[in-house]
Amino acid sequence: MSLGNAFNKEEHDQTIIDCFLQMWRYSADLMFIMAVEDGDEFSLYDNNPASKAVMGLEKGAEIHRLNLRVQFGDEMAEQVYATYRQVLQGGKPVSIEQAGMRGDGSQIYFDTLFVPIFDSLGKPIFVCGVSRDITKIKEAETVALQANEKLLEYSTALETINQELDRKVQERTKELENAKRIVEESLEAKSSFVETVTNFV
C-alpha cells in the first residue's frame, strides 16, 4: 500500500523544522537556547514567547546573544550558569527540577530538559532547554505535606488523650475495687459481730 510520494530527506527534514518552529511559537512550555561564550560565560541566543513572558521580556522582543548578567545581575546569572556548566560536564541530556523567579518577582518551579550541543570537534556551543512549569504541582505537594503534618499532630494529640483517659479509667477502676473491698470487709465484720452477739445471747 502506497502512502504517497517517495521519501525526500530534504523535504522530510524541513517539515520537522517547520513543525518545531510552530511549537516554539505556540508552546506553553518554556524553550530556550543558551550560547556558550568565551571565558566560561553564556548568553541567551533566543527563547520562545512563553519563556520571554516568564522572564519579563516582551513576547515579540528580538533576542540574540542577550547578556544575562547585564539583564538580570550577576547573582541570578551565576545561578543559571552553574546549571549549564553541570549539563556540559555531563555531556548528555538531563532533566533537572529547579526553583526560579518570574519577571514579576513571584516564585516558579520548573522541570527542565537540558540538551548540550557540541560541534564536530566536541567543543560545546549551545545548551538547549525546554521547561515545564510545575509550580501548581509543587504547591499541591506543599499543601499535602502540611496536611500530613497536621494529621500527625492530631494523631499524637489523640494518642495523648487516649493514654490520659486510659490512666483515669485505671485509677477509677482501682478506686472502685478499693471501695468494694472496704464494703465487703465492713459487711464481713458486721456479719461476724452479729454472729458473736447472737452466740453470746
Side-chain angles (χ1 to χ4, degrees), residues 12-119 123-154:
H12 181 86
D13 291 350
Q14 187 58 50
T15 299
I16 292 174
I17 290 168
D18 291 344
C19 287
F20 273 99
L21 276 172
Q22 293 305 312
M23 289 172 64
W24 175 274
R25 289 188 183 110
Y26 298 110
S27 176
D29 290 337
L30 285 58
M31 300 180 184
F32 58 88
I33 303 168
M34 299 301 299
V36 181
E37 306 289 3
D38 292 336
D40 206 24
E41 290 286 307
F42 299 87
S43 66
L44 180 59
Y45 191 84
D46 200 0
N47 60 340
N48 73 338
S51 176
K52 286 181 174 73
V54 168
M55 289 177 69
L57 303 170
E58 289 184 26
K59 284 191 176 183
E62 292 288 334
I63 301 294
H64 184 70
R65 295 189 184 272
L66 177 70
N67 188 324
L68 294 186
R69 289 189 187 279
V70 172
Q71 187 75 24
F72 299 108
D74 288 335
E75 185 179 346
M76 184 271 196
E78 272 306 317
Q79 286 177 358
V80 295
Y81 288 2
T83 302
Y84 303 146
R85 292 178 189 123
Q86 175 188 342
V87 170
L88 291 175
Q89 281 181 346
K92 61 184 179 182
V94 61
S95 289
I96 301 174
E97 282 192 13
Q98 299 172 297
M101 301 295 284
R102 293 185 179 91
D104 62 7
S106 61
Q107 191 164 44
I108 187 169
Y109 293 90
F110 300 112
D111 185 359
T112 303
L113 171 64
F114 293 96
V115 180
I117 307 294
F118 301 88
D119 67 13
K123 179 184 175 184
I125 51 175
F126 294 108
V127 175
C128 302
V130 57
S131 299
R132 176 144 293 173
D133 183 348
I134 57 168
T135 306
K136 288 184 179 175
I137 294 171
K138 285 293 181 184
E139 288 172 351
E141 285 176 359
T142 301
V143 168
L145 190 61
Q146 289 171 345
N148 204 29
E149 287 172 357
K150 282 290 180 192
L151 186 60
L152 187 60
E153 285 178 21
Y154 294 146

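Everything numeric in this text was worked out from a predicted model, so none of it was measured. Values below: all heavy atoms of this structure, side chains included; hydrogens, waters and symmetry mates excluded.
Considering CG of L66 and CE of M34, their distance stands at 8.0 Å, rounded to 0.5 Å. Distance CG/L151 to CD/Q146: 13.5 Å, rounded to 0.5 Å. Here the NE2-CD1 distance, from H12 to I17, works out to 10.5 Å after rounding to the nearest 0.5 Å. Residue S27 holds its OG atom at 12.0 Å from CD of Q22, rounded to the nearest 0.5 Å. Between E97 atom CD and S131 atom OG the span is 11.5 Å, to the nearest 0.5 Å. A distance of 15.0 Å separates NZ of K123 from CD1 of I117, quoted to the nearest 0.5 Å.
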Exercise. Apply the test side chain to side chain contact (heavy atoms under 4.5 Å, CB included) to residues M55 and L44: give CA-CA distance (whole Å), side-chain angles for both, the deciding distance (0.1 Å), then the verdict.
Key: CA-CA 12 Å; M55 289 177 69; L44 180 59; 3.9 Å; yes
Quiz prompt | Residues H64, Y45; criterion side chain to side chain contact (heavy atoms under 4.5 Å, CB included); working and verdict | solution = CA-CA 5 Å; H64 184 70; Y45 191 84; 3.4 Å; yes
Practice problem: Just do the salt bridge (charged side-chain N to carboxylate O under 4.0 Å, His left out) check on K150 and E153 with the steps written out, would you? | Solution: CA-CA 5 Å; K150 282 290 180 192; E153 285 178 21; 3.8 Å; yes
Quiz item: Between Q86 and V94, does a side chain to side chain contact (heavy atoms under 4.5 Å, CB included) hold up when you go through it step by step?
Solution: CA-CA 10 Å; Q86 175 188 342; V94 61; 5.8 Å; no
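In terms of heavy atoms, M31 sits closest to M23 at CE-O, 4.0 Å. Listed here is the closest heavy atom pair of F118 and L88: CZ-O, 4.0 Å. Here the shortest heavy-atom pairing between Q107 and T135 reads O-CG2, 4.2 Å. Closest non-hydrogen pair, Y81 versus F42, comes out as OH-O, 2.8 Å. The minimum heavy-atom distance linking N47 with S51 is given by the pair ND2-OG, 3.0 Å. The two residues K59 and P49 come nearest to each other via the heavy atoms CG-O, 4.0 Å.
At a threshold of 4.5 Å between non-hydrogen side-chain atoms, the residues Q79 and Q98 do not count as touching. Within the 4.5 Å cutoff, side-chain heavy atoms of W24 are placed close to those of I33. Using a 4.5 Å cut-off on side-chain heavy atoms (C-beta onward), R25 and N48 make no contact.
Q71 and N67 are not linked by any side-chain donor-acceptor pair at a separation below 3.5 angstrom, with hydrogens and angles left out of the test.
Between D46 and K52, at least one side-chain N (NZ, or NE/NH1/NH2) sits under 4.0 Å from a carboxylate O, which counts as a salt bridge. The pair E141-K138 meets the salt-bridge criterion, since a charged nitrogen lies less than 4.0 angstrom from a carboxylate oxygen.
The number of heavy-atom neighbours closer than 6.0 Å to CZ of F72, taken from other residues, nucleotides and ligands shown, is above 12. Within 6.0 Å of the CZ atom in F20, the count of heavy atoms belonging to other residues, nucleotides or ligands does not exceed 12. Remark: M76 CE is packed, more than 12 non-hydrogen atoms of other residues, nucleotides or ligands lying under 6.0 Å away. Other residues, nucleotides and ligands contribute only 12 or fewer heavy atoms inside 6.0 Å of the CD atom of E58.
Annotation: salt bridge (Lys or Arg N to Asp or Glu O under 4.0 Å) contacts of D74 (sequence neighbours excluded): R69.
Side chain of T112 to backbone of F114: no donor-acceptor contact under 3.5 angstrom is found. Of the possible donor and acceptor atoms, one in the side chain of R85 sits under 3.5 Å from a partner among the backbone N and O of D40.
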